[in-house]
Every structure is written in structure tokens, then in C-alpha cells.
Amino acid sequence: MRRGIAGIAGLRIEAVAFPRSRVRPISILPRPATLAERLRDRTVAEVHRRGKRIVIEIAPAGDDGQRWLAIEPRMTGLMLLVEPPTPEHVRMVMEFMGRGRKPLTFWDRRGLGTIRLFDDAGLDGACGPHKHGPDGLVVTGDDLMKRLGASRRAVKVALLDQRVVAGIGNIYAAEILFRSGIDPRSRCRRLKRAQWEAIAQQTRRVLAEAVRHEGSSIGDETYRTADNRAGRFQRRHRVYGREGERCPRCGAAILRIVQAQRATFFCPACQRRA
DNA sequence: CGTTCAACCTGGGCGC
DNA sequence: TGCGCCCAGGTTGAAC
């Protein structure tokens with residue numbers, strides 16, 4: 001997602017609008033009118049990612065230090081540089097100066113996403129080290145062991161905790177544990193060093209591969225690229241969404257269970273319980 | 001500390 | 001066709 005819109009860096013914001021964005025509970029801060037006012041005529045310095053958030057860095061403009069626009073897409077949010085699928089689910093439109101500049105649209109069907117403008121301290125409070133562990137693309141076995149070695153939680157539930165490691169979602173937790181050969185119900189404290197190394201390695205690998213394949217698009221209303229194309233990583237899902245199908249490794253039937261109110265998919269035969 | 005539940009929302013799919 | 005239910009790549013706070 002970040003890569004898809006990285007090209008807006010250097011552009012000057014002509015206007016920002018927030019149609020149909022909920023203000024309460026606080027999913028947009030400050031109020032839309034204030035936010036639009038603060039962003040107008042500012043320049044995009046860079047587009048960053050912090051865990052699952054897109055963070056648009058606004059070049060300093062002398063006044064306040066509010067220069068981090070953090071967008072959290074949650075379940076159905078898309079960042080688009082083309083016409084959105086429907087006009088009624090558009091939550092933000094950012095227009096740029098210069099002829100032929102395509103506007104950036106935040107489209108969010110379910111409307112669970114958030115849009116907030118932060119100063120340095122605010123950004124840190126929202127997605128600093130207190131809220132986010134190391135990024136999944138670079139996490140190490142030591143990182144995981146240090147944070148989870150004494151935990152009684154089920155490993156799959158723990159991997160979804162962004163304070164442990166940032167960026168793993170429900171699909172990727174399943175795929176990471178399948179490739180690590182570990183049962184998602186395993187209690188963290190029972191895992192050995194070698195298993196944490198395996199999980200960390202597969203986390204880096206699965207996430208990097210998913211990025212390379214432009215994400216997972218399931219059905220036609222999930223993730224899309226900035227130019228509204230489907231990703232391809234769903235074709236490589238080995239267990240996610242495959243309840244009842246045969247495990248690609250051993251042929252056993254893939255199971256679906258529920259952990260912490262989320263679906264978990266795994267192979268009961270080749271994923272070992274620690 | 002860890003788990004469960006409800007809430008925030010919309011919409012597709014299914015059984016009846 | 002309609003209705004009620006379940007489900008969905010996420011996060012948070014309250015209750016136990």
C-alpha cells in the first residue's frame with residue numbers, strides 16, 4: 001500500500017475533503033474542517049509505514065509540529081490513486097497542485113479505518129515503541145523470545161499483538177505458523193529457541209513475499225493496489241481460507257478453529273503442538 | 001496476566 | 001424474495 005502511493009512525495013496539497021467520515025467515536029482527528037485547513041497548501045515530504053498504518057509526512061511549515069497524517073485502513077480501507085469502487089465509501093480525498101495530478105483517495109467500505117494528524121509525540125503515542133514491537137519484516141528470534149518466552153498465551157494470538165511484532169494480521173499469522181510447522185494453539189512459554197527462530201524467519205519471509213505479490217485479495221472487496229488491481233498472494237495461501245482442503249505438505253484436512261474471536265486455519269498433522 | 005465479549009460498520013453468502 | 005444469521009485481512013475497553 002505504501003509503495004503504491006509513494007509517488008505523492010514532493011506534491012503540494014491543494015485541498016483535502018472528508019466526505020462521510022465519522023467523527024464520533026473518534027476516527028478522525030482533529031475535526032474534518034480543522035484537518036483540511038491544516039493540510040491545505042502543505043507539501044508531502046514522504047510516505048512512511050508504521051506497522052499497519054500509512055503515515056504521510058507533511059513538510060514542516062513553521063507553525064505547529066502537526067505533520068504526521070496517520071491512516072489506519074483496518075479491515076476494508078484502501079489508498080487509491082484511481083477512481084474508487086463506489087463514491088459513497090470515500091472517506092478522504094486529497095488533491096494536489098499541478099495539472100494531471102491524480103488525487104489520493106482513502107476508500108473504506110466498513111468505515112472502521114481512522115485518519116489522524118499528529119505531532120511527533122502524538123505519533124509516538126499512537127504507534128511508537130510502546131504500541132508497536134519490531135516490524136515483522138525485520139523481526140528476530142531473540143525479539144520474539146524476549147517478549148513471549150514467559151507468556152502463557154497461544155502463539156497465534158500473541159503474533160497478532162502489535163506490541164509484540166508490528167504488521168502481522170490474521171492471514172499472515174496462519175501462513176507463518178504453517179510454514180514454521182507449529183500448532184497455533186501452542187503456549188508461547190513452551191516454545192524453544194529454535195522454534196522462535198523459525199517463526200521469526202518465516203515472518204520475515206512471508207511478509208516480504210506478500211509485499212512482492214502485492215498483498216492478498218480475497219473476493220473482490222478486499223485489498224487492492226493503489227491502481228485498484230487485485231494482489232496475488234492469496235494464490236500462495238497454504239492454509240488461510242482453506243478449511244477442509246488438503247494440506248499441501250501432508251494431505252491431511254485443514255482445520256478451522258476460533259481463537260480470540262478470530263478464525264485460525266492450520267494443518268493438524270504437520271503443525272506440531274509445543 | 002489472560003480470556004471473552006461487545007462495539008465500531010457494511011455487505012456478501014447461506015439456509016429456510 | 002425476504003429474513004435472519006454467520007462471516008470478513010482490525011482494534012479497543014470493560015468485565016471476569
Side-chain angles (χ1 to χ4, degrees), chain A residues 1-2 4 19-29 49-54 70-79 84-91 106-116 125-127 130-133 136 147-178 184-190 203 206-207 209-211 213-225 230-244 256-265:
Chain A
M1 184 176 276
R2 190 202 69 81
R20 290 167 299 279
S21 279
R22 282 177 305 120
V23 176
R24 243 179 319 229
I26 309 300
S27 58
I28 175 165
L29 270 180
R49 176 184 63 82
R50 287 256 193 128
K52 297 175 181 176
R53 285 182 177 82
I54 292 291
I71 297 173
E72 202 182 3
R74 304 237 180 147
M75 303 284 267
T76 51
L78 301 179
M79 300 294 282
T86 58
E88 66 267 29
H89 302 103
V90 170
R91 313 290 171 170
F106 177 55
W107 181 92
D108 184 8
R109 192 187 65 195
R110 284 174 74 178
L112 299 176
T114 66
I115 304 167
R116 299 183 189 196
C127 48
H130 188 67
K131 288 289 187 73
H132 276 177
R147 288 169 173 78
L148 299 176
S151 167
R152 299 169 186 270
R153 297 153 92 188
V155 62
K156 189 266 187 167
V157 176
L159 289 180
L160 289 177
D161 184 343
Q162 303 300 299
R163 292 168 305 185
V164 170
V165 46
I168 299 177
N170 204 34
I171 290 177
Y172 300 113
E175 296 300 314
I176 288 162
L177 289 174
F178 173 78
R185 298 166 294 186
S186 304
R187 302 286 156 182
C188 288
R189 66 194 310 191
R190 305 196 57 182
T203 298
V206 165
L207 293 183
E209 197 180 332
V211 170
H213 291 276
E214 300 184 289
S216 303
S217 301
I218 297 166
D220 44 301
E221 295 268 330
T222 55
Y223 178 73
R224 315 288 291 181
T225 62
R232 299 173 306 281
F233 192 71
Q234 68 281 3
R235 300 177 196 162
R236 303 175 112 84
H237 293 172
R238 310 249 234 269
V239 289
Y240 184 86
R242 298 193 183 280
E243 181 185 19
R256 177 189 184 276
I257 62 171
V258 173
Q259 294 179 285
Q261 300 160 193
R262 317 277 322 265
T264 298
F265 297 89

Using the ring of each side chain (for Trp, its six-membered ring), is A:Tyr172 parallel, tilted or perpendicular to A:Phe233, with breaks at 30° and 60°?
tilted

Indicate whether OP1 or OP2 belonging to [N] is found under 4.0 Å from a side-chain N or O atom of [X].
X: A:Arg187; N: B:dT3; answer: yes
X: A:Ser151; N: B:dC1; answer: no
X: A:His89; N: B:dG11; answer: yes
X: A:Arg22; N: B:dC9; answer: yes

Ion pair present between A:Glu214 and A:Arg232, side-chain N to carboxylate O less than 4.0 angstrom?
yes

Using a strict cut-off of less than 4.0 Å between a Lys/Arg side-chain nitrogen and an Asp/Glu carboxylate oxygen, indicate whether A:Arg153 and A:Asp161 qualify as a salt bridge.
yes

Could you state the atom-to-atom distance from [atom1] of [X] to [atom2] of [N] in whole Å?
X: A:Leu148; N: B:dG2; atom1: CG; atom2: C1'; result: 13 Å
X: A:Met75; N: C:dT11; atom1: CE; atom2: P; result: 10 Å
X: A:Glu243; N: C:dC7; atom1: CD; atom2: P; result: 10 Å
X: A:Asp108; N: C:dT11; atom1: CG; atom2: P; result: 13 Å
X: A:Leu112; N: B:dT10; atom1: CG; atom2: P; result: 9 Å

Heavy atoms of A:Ile218 and A:Gln234 approach each other most closely as CG1-CB, 4.3 Å

When the C1' atoms of B:dT3 and C:dA8 are compared, how many Å lie between them, rounded to an integer?
22 Å

Comparing A:Arg256 with A:Lys131, nearest DNA chain C nucleotide closer to 5' gives the residue A:Arg256

